[in-house]
Amino acid sequence: MQTKILKLLKDAKGNAVSGEDIASELGVSRSAVWKRIKELKNLGYEIESLSRNGYTLKSVPDLLLPYEVDDGLKTKFIGKNIVYFDEIGSTNNEAKKLAAEGAADGTIVVAEEQGTGKGRLSRSWFSPRAKGIWFSTILRPSFLPQDAPKCTLLAAVSIVKAAQKFGVNVGIKWPNDILFEGKKLVGTLTEMSAEMERINYVVIGTGINVNLMPEDFPPDVKDIATSLAIVKGEKISRVELFRAILEETEMLYEGVIQNGFAPLLDEWRKYSVTLGQEVNIIGVGENDDFSGKAVDIDDDGALLIETEGKIRKVFAGDVSIRPRRK
Ligand code: BTN
């Protein structure tokens, strides 16, 4: 009912709508309308209520509320079910729980704030309230489990394309970091539940630093991280950006289902800031560190490194780009 009330108020474009009109439109009592209006006000909607005129929507909160994200969202299934939290430990953990309980393909879990946001390689992810987009996408793809890591590449490309629509050109550092001038804007943590030949679900967790200011970052990340607002020099509408990301994700995902991963990998190569660079590989195992030149990614999404005249494949780990010698 809240969604319908909001629609009526928004359609009135700043004019008042009487409680009686809303009540009769929705087939409920005026006091039921009043209760819902109170709930909306508690969420941060500024609604003027004058007993003679009715209700006027003055402003909407800067929150990723499902009604706001859904309003104008042009997708068929990604984001059609948004599970929203004001505060949660980790959207990835919640998404895995919901996926195990049967949540639909394309379900999104989003939170304004995460208390224990998770990063890759057991790191934590700083997720302050209403400054970023901290979300997880549940997918149930028909491809094989070994293709699941490429979902990370898909998420990265979708964000680069969405950011371009907001006038910010960013690059991808293998496998999934989105950077601007070497500083991190976005990270993705993909988790999966699968059997040998079948994926039960994939959870793509993405953290986007949208409107953080330099002073918002804790000391340990302030020199290596940045935000879209810092890069652009002005705040960005998180709701509009979120919508654009969901739309890009759906387009790319449908493309993969229809045509395979090759076109996606080509797009990834286009936006990569890793390829062609001298890099240090920080492997997951003890003796896995080495250096070389990143020459390509293969069909599996693995990074190909030329080192000592040979090509080595990197499936997991971290990459640091070595500064060019002057
Ligand atoms: C990285 O280390 O680069 C990955 C960071 C992933 C952070 C996101 S925020 C939303 C989702 N929930 C989590 O707990 N982590 C991911």
Side-chain angles (χ1 to χ4, degrees), residues 64 69 78-79 82-100 103 107-139 148-160 162-163 170-180 182-193 201-212 216-218 220-228 238 241-242 245-246 249 268 272-274 282-284 301 303 316-321:
L64 299 170
V69 179
I78 295 212
I82 298 182
V83 182
Y84 173 85
F85 293 89
D86 192 56
E87 209 267 323
I88 198 166
S90 155
T91 56
N92 261 35
N93 288 351
E94 183 64 24
K96 284 194 288 179
K97 196 182 109 205
L98 294 175
T107 296
I108 300 286
V109 180
V110 64
E112 299 298 346
E113 180 179 355
Q114 292 185 117
T116 48
K118 301 189 296 181
R120 286 175 65 232
L121 310 172
S122 310
R123 298 184 189 123
S124 60
W125 185 260
F126 178 60
S127 325
R129 185 178 158 72
K131 299 268 180 173
I133 308 179
W134 327 121
F135 76 107
S136 302
T137 307
I138 298 172
L139 295 179
K150 285 180 271 189
C151 288
T152 299
L153 308 181
L154 189 153
V157 173
S158 72
I159 291 162
V160 172
V170 291
I172 309 170
K173 182 175 80 113
W174 187 89
N176 68 329
D177 290 356
I178 292 184
L179 307 181
F180 184 82
K183 290 191 170 186
K184 185 154 164 172
L185 283 161
V186 179
T188 305
L189 174 68
T190 301
E191 302 187 70
M192 169 174 76
S193 153
Y201 62 80
V202 173
V203 164
I204 310 175
T206 308
I208 309 173
N209 296 335
V210 184
N211 288 329
L212 288 96
D216 293 324
F217 290 101
D220 55 328
V221 293
K222 97 175 191 311
D223 295 331
I224 52 170
T226 188
S227 75
L228 292 169
R238 290 184 308 140
L241 176 64
F242 196 20
I245 291 167
L246 300 179
T249 305
W268 188 93
S272 162
V273 292
T274 312
I282 303 111
V284 276
L303 186 63
D318 240 356
V319 170
S320 73
I321 298 170

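The analysis underlying the following values was restricted to heavy atoms, covering all of them including side chains, and did not include hydrogens, waters or symmetry mates. Just follow the structure's listing: the first ligand is 1, and inside any ligand the first atom is 1. Note that the structure is predicted; figures quoted are calculated from it, not measured.
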Identify, for [atom], the protein heavy atom at the shortest distance, and state residue, atom and that distance.
{"atom": "atom 5 (C) of ligand 1", "answer": "W125 CE3, 3.4 Å"}
{"atom": "atom 11 (C) of ligand 1", "answer": "T91 OG1, 3.3 Å"}
{"atom": "atom 2 (O) of ligand 1", "answer": "R120 N, 2.7 Å"}
{"atom": "atom 6 (C) of ligand 1", "answer": "K118 O, 3.5 Å"}

Do any N or O atoms from the side chain of [X] and from the backbone of [Y] form a donor-acceptor pair under 3.5 angstrom?
{"X": "N92", "Y": "S136", "answer": "no"}
{"X": "E191", "Y": "K96", "answer": "no"}
{"X": "W134", "Y": "E112", "answer": "yes"}
{"X": "R120", "Y": "D318", "answer": "no"}

Tell me the contacting part of T206 for ligand 1: side chain, backbone, both, or neither, using a 4.0 Å heavy-atom threshold, strictly below. backbone
Decide whether the shortest distance between a heavy atom of S127 and an atom of ligand 1 is less than 4.0 Å.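 No, that is not the case, since the closest heavy atom of the residue is not under 4.0 Å from the ligand.
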Which ligand 1 atoms are under 4.0 Å away from a heavy-atom of [X]?
{"X": "T188", "result": "3 (O), 4 (C)"}
{"X": "S90", "result": "12 (N), 13 (C), 14 (O)"}
{"X": "G117", "result": "14 (O)"}

Please work out which of K184, Q114, E191 has its closest non-hydrogen atom nearest to atom 3 (O) of ligand 1.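 Answer by nearest heavy atom: K184.
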Any donor-acceptor pair under 3.5 Å linking the side-chain atoms of N209 with those of K184?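 Note: K184 and N209 side chains miss the donor-acceptor criterion.
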Member of T152, N176, L153, T206 meeting the side-chain contact (heavy atoms from CB on, under 4.5 Å) criterion with T190: T152
Which residue is it: V186, L154, T249? I am looking for the one with a side-chain contact (heavy atoms from CB on, under 4.5 Å) to I159. V186
